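Quick notes on the structure that follows.
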There are 2 protein chains.
Amino acid sequence: MIKYAKQSRFIQAVDCIVFGFDGDTLKILLIQRGFEPEKGKWSLMGGFVQENESIDQASNRILKQLTGLDGMYLEQLHTFGDPHRDPMERTVSTAYFALIDILKYEKQLNTDYHPEWFSLKRMPKLIFDQQEMVELAKRRVRYKAALHPILFELLPSRFTIPQLQSLYESVYNTSIDKRNFSKRILATGLLIKQADKDKSGSRRGAFYYQLNMQNYYAKFQAFLNLIPNPTNLIF
Amino acid sequence: MIKYAKQSRFIQAVDCIVFGFDGDTLKILLIQRGFEPEKGKWSLMGGFVQENESIDQASNRILKQLTGLDGMYLEQLHTFGDPHRDPMERTVSTAYFALIDILKYEKQLNTDYHPEWFSLKRMPKLIFDQQEMVELAKRRVRYKAALHPILFELLPSRFTIPQLQSLYESVYNTSIDKRNFSKRILATGLLIKQADKDKSGSRRGAFYYQLNMQNYYAKFQAFLNLIPNPTNLIF
DNA sequence: ACAAAAGTGTTTTAATTACACCCATGC
DNA sequence: GCATGGGTGTAATTAAAACACTTTTGT
């Protein structure tokens with residue numbers, strides 16, 4: 001095949017920022033890097049794009065290989081292309097972020113590469129420019145979650161409104177009035193009330209809800225009001 | 001230098017979608033591709049990332065080389081990595097979009113590569129997956145402009161409120177009540193009224209305004225209400 | 001009977017929408 | 001003097017925010 005002459009060719013990498021929620025704290029999944037340079041250091045789930053796969057496919061494959069996880073929400077974040085970001089060799093990396101329910105994927109999580117969940121507040125230093133990737137991913141999640149119902153991806157398929165509220169509160173590091181929160185959330189038409197309750201959090205129990213998937217897909221791209229005072233947010 | 005063994009290396013490209021406004025219509029800048037494959041076909045401003053530059057730098061360089069334009073608003077859009085997107089050779093392309101005032105850059109526009117402005121409604125077919133890039137860029141601009149004051153990048157430094165309104169109307173393909181529009185826009189605190197008027201559009205003339213750059217940078221990342229009924233928008 | 005979390009309704013305030021007339025000017 | 005686009009104010013409506021008490025139930 002004729003090829004583009006005299007052009008440089010680079011390694012194309014993918015790095016995945018996996019956010020998880022365990023019902024209490026927002027966490028990030030890290031592994032110990034399996035090869036040089038920086039072998040053994042805490043790192044994002046990363047790898048190289050192969051000849052026969054798209055970068056979207058590569059991100060899914062790499063996540064699956066390193067953690068056993070698949071089928072989760074995964075979105076392209078940004079491409080990092082500083083010529084010196086990887087000291088070994090020029091590497092362009094496209095970062096993706098994923099959102100999962102830690103408990104749901106607990107059994108699926110493959111421990112070959114010793115993945116660990118870290119609280120966002122107590123993360124180790126990461127290699128290369130991965131700290132920057134994580135900062136951008138955090139901002140993107142906060143930004144997007146103010147308008148779109150992505151945080152449901154962090155919860156089990158059945159969840160309670162108090163659980164949902166505590167998730168929003170931890171993402172925005174704020175406290176929200178529960179009367180207004182439940183009004184706002186129910187007004188989206190995204191939730192279907194279940195007949196039974198989660199009794200683990202209180203004596204009285206809180207009703208379970210499930211997503212109305214029809215409405216979820218239909219309204220996903222629209223602007224929803226999911227948090228108080230969105231106009232005052234700066235990212 | 002030791003390198004990553006046995007990994008594929010790909011061409012890394014950049015494609016730029018340049019949106020421009022001439023006071024009347026929202027347009028896109030295209031050139032006739034200067035090399036094979038698809039030589040002579042209408043195309044985005046594209047090129048290859050070099051050894052010594054970041055992809056952000058490459059996007060600026062390529063725009064400058066092909067059009068003479070620099071210093072405009074330029075933002076990374078998305079990275080396209082389908083293995084067959086370029087039939088010649090596996091190429092990963094990072095798309096950027098730019099926003100400029102067509103008239104302001106008219107003199108700076110270099111015609112070596114025969115760039116032409118096309119109305120978004122009457123665009124020729126583009127090569128590879130560039131149509132998809134343009135669609136995504138249009139959606140991104142509409143999305144972002146509903147919340148952030150990016151459309152000012154399409155206007156001269158001095159502009160009138162009717163001009164601004166007609167820009168919003170053409171981006172959202174709608175008509176907006178002028179009383180509400182001017183209230184909304186002035187309420188942002190982004191505009192400084194000038195003493196003189198633009199007499200070109202009417203006998204009476206419309207006052208010029210300029211951006212308050214302090215407030216512009218300060219509020220750029222915040223959520224602003226710039227269009228009516230943002231909650232009803234679907235992108 | 002009481003502690004602990006769930007659930008709910010109303011008032012107040014703020015934001016958004018709808019709507020119509022006068023103004024300035026060049027011809 | 002009239003046609004053309006520019007500029008402005010107010011009332012009505014809707015959405016968001018503030019706020020407190022009752023319910024359930026395990027101990």
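Worth saying up front: this structure is predicted, and the values here are computed from it rather than measured. Every chain is numbered from 1 and lettered A, B, ... according to where its sequence line falls, protein lines coming before strand lines.
- The nearest whole Å value for the distance from the CZ atom in B:F223 to the P atom in C:dA15 is 17 Å.
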What donor-acceptor contacts under 3.5 angstrom involve side-chain atoms of residues 20-33 of chain B, with partners at least two apart or in another chain?
residue	atom	partner	partner atom	Å
B:D22	OD1	B:D24	N	2.8
B:D22	OD1	B:T25	N	2.8
B:D22	OD2	B:K27	NZ	2.8
B:Q32	NE2	B:G40	O	3.4
B:R33	NE	B:F35	O	3.3
B:R33	NE	B:P37	O	2.6
B:R33	NH2	A:Y4	OH	3.2
B:R33	NH2	B:P37	O	3.4

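- To the nearest angstrom, P of D:dA16 lies 14 Å from CG of A:N232.
- Ring geometry, B:Y168 versus B:Y172: the interplanar angle falls under 30°, so the pair is classed parallel (tilted spans 30 to 60°).
- In this structure, the CD1 atom of A:I185 is 16 Å from the C1' atom of C:dT8, given to the nearest Å.
- Applying the side-chain contact (heavy atoms from CB on, under 4.5 Å) test to B:E153 and every residue at least two apart in sequence or in another chain returns B:Y73, B:L99, B:Y216.
- Contact annotation: A:N229 side-chain N/O to D:dA17 OP1/OP2 distance is under 4.0 Å.
- Put simply, A:N225 has a side-chain N or O that comes within less than 4.0 Å of OP1 or OP2 on D:dA16.
- In this structure, A:Y208 has no ring-ring contact (aromatic ring centres under 6.0 Å, His included) partners at least two apart in sequence or on a different chain.
- Side-chain polar atoms of A:Q57 and A:R61 form no donor-acceptor pair below 3.5 angstrom.
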Protein N or O to nucleotides 8-11 of chain D N or O, pairs below 3.5 Å:
residue	atom	partner	partner atom	Å
D:dT10	O4	B:K183	NZ	2.8

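- Distance, B:I176 CD1 to C:dC19 P: 17 Å, rounded to whole Å.
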Identify all side-chain donor-acceptor contacts of residues 217-235 of chain B below 3.5 Å with residues at least two apart in sequence or on another chain.
residue	atom	partner	partner atom	Å
B:K219	NZ	B:T188	O	2.7

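- Rounded to an integer number of Å, the gap from B:L191 CG to D:dG6 C1' is 16 Å.
- Defined by atom type and a distance below 3.5 Å, a donor-acceptor pair is present between the side-chain atoms of B:D198 and B:S200.
- Put simply, the side chain of B:I100 does not reach to within 4.5 Å of the side chain of B:K104, judged on heavy atoms.
- The residue from B:D15, B:N60, B:D56 that alone fulfils the side chain to side chain donor-acceptor pair (under 3.5 Å) condition with B:Y96 is B:D56.
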Are any protein N/O atoms closer than 3.5 Å to N/O atoms in nucleotides 24-27 of chain C? If there are, list each pair with its distance.
residue	atom	partner	partner atom	Å
C:dA24	O4'	B:R204	NE	3.4

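- If you take OH of B:Y208 and C1' of D:dG7, they are 17 Å apart, rounded to a whole angstrom.
- Note: CG (B:L164) to P (D:dG7) measures 12 Å, nearest angstrom.
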